[in-house]
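Comments concern the structure below.
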Amino acid sequence: RETVLFFPSQGQTCHSYCTFCFRWAQFVGDKDLKMASTDAEKLHGYLQKHTEVSDLLVTGGDPMVMKTKNLVQYLEPLLQPEFDHIQTIRIGTKALTFWPYRFVTDKDADELIELFAKLVDGGKHVAIMAHYNHWQEITTDIAEEAIRRIRATGAEIRAQGPLIKHVNDDADAWAKLWKKEVKLGIIPYYMFVERDTGAKNYFEVPLAEAYHIYREAMKQVSGLARTARGPSMSAGPGKVEIQGITEINGEKVFVLRFLQGRNPDWVQRPFFAKYSETATWLHELEPAFGEEKFFFEDEFEAMKNGNT
Ligand code: SF4
C-alpha cells in the first residue's frame, strides 16, 4: 500500500539480458504482458491523490536504459510540495554491472548525477536498487567509479540479486560479494530465490540448499554485511523469507515469515512448512504439524477472486 511500482515504457529493455530473468515477456513484444506507461501525468496524478504512498519504485526492464531527460520528466516534478508524502524514490537497475558508463561517461551521465543530487537536496531519499550476482561484477575501475559518483550525490545503493545455480550457488561467492559491497559503501539488501518462471529448471536451487548457502555466507561477514535478507521468495501472497530449518516436537520444518504481504497484517508472522530437500518454491511446500493450509491461503484465494 505504501509503494507504487512504475514501469516507464522507455525503460522496458535492458543493456543486456540475463538468461535467468522472468521478465522476458516484457521485452519480447507480447502486448498483453507489457506493463509500461509513458504517461508522466498519470503517474503524478495518481501519486498526488494517494497520500498514503511514501515510496516510488521505478523499474523495468532497466530504467537506466532511459535518457536522463525522460527520467527528469518523471522524477523532478516530485520535488513540488504536493508530493511531500513521497519520501523515497527507488530505481531498480543492473546498469552498475552491464553499463557503468551510464553514470560516468555517457553523454548525459553528468545530468543524471545532477538529477540524483537535486532529488536528494530536495529532501528525497534516493535509493539505487542495484542487481548484483557475483563479486566479479564489481572488479573494474569503471564499476567502482560509477558507485563513487552515485554515492557522492547522497543517493544510496542497495544490492540485491537471485541465487542461481551455475553462477553463484556458493556461500564463499556471496560472502565475498557482500564484503566487497560494504567496502564500496553499498548496503547488501536481498538474496532472492530464483523465481518459479522462465528457465527455472536450469537455474533453480532447492530452498534447503539456498538457506544453507545464505547461512554459511552470513557466518563469514561482519555486522554491516548482515543487512542482506533472505533467501526470499517474491511469491503471489508476498515476499516470504526462509528464516531457518529446525525441529519442533520431532518434526523437521522450515521456519518462514512474510517480509511483505498482500495483507500487511501477515508481515513478520512466523509460520511453518514441512522440511523438504527438493522444494524450490512456496507452492511446493506443505504446512507442518498436520495443518491443511497455511494461515494466509483462504484469504489470498478470496483476494484473487476479488472477494475482499
Ligand atoms: S537486467 Fe534485470 S530485468 Fe534485465 S534481463 Fe537482467 S534481471 Fe531481467
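Just follow the structure's listing: the first ligand is 1, and inside any ligand the first atom is 1.
Below 4.0 Å from some heavy atom of K94 lie the following atoms of ligand 1, by number and element: 1 (S).
Under a 4.0 angstrom heavy-atom cut-off, G61 registers as being in contact with ligand 1.
By the 4.0 Å N-to-carboxylate-O rule, K118 lies close enough to E76 to be salt-bridged with it.
At least one side-chain heavy atom of I147 sits under 4.5 Å from a side-chain heavy atom of I186.
With a 4.0 Å cut-off on non-hydrogen atoms, C14 touches ligand 1 through its side chain and not its backbone. Counting heavy atoms under 4.0 Å from ligand 1, residue H131 touches it through the side chain alone.
In the model, E277 has a side-chain atom that pairs as donor or acceptor with a side-chain atom of Y275 under 3.5 Å. A donor-acceptor contact closer than 3.5 angstrom links the side chains of R102 and T68. At a cut-off of 3.5 Å, with distance as the only test, no side-chain donor of H134 or Q136 sits close to an acceptor on the other residue.
Residue C21 holds the heavy atom nearest to atom 8 (Fe) of ligand 1 of all those in C21, S16, G92.
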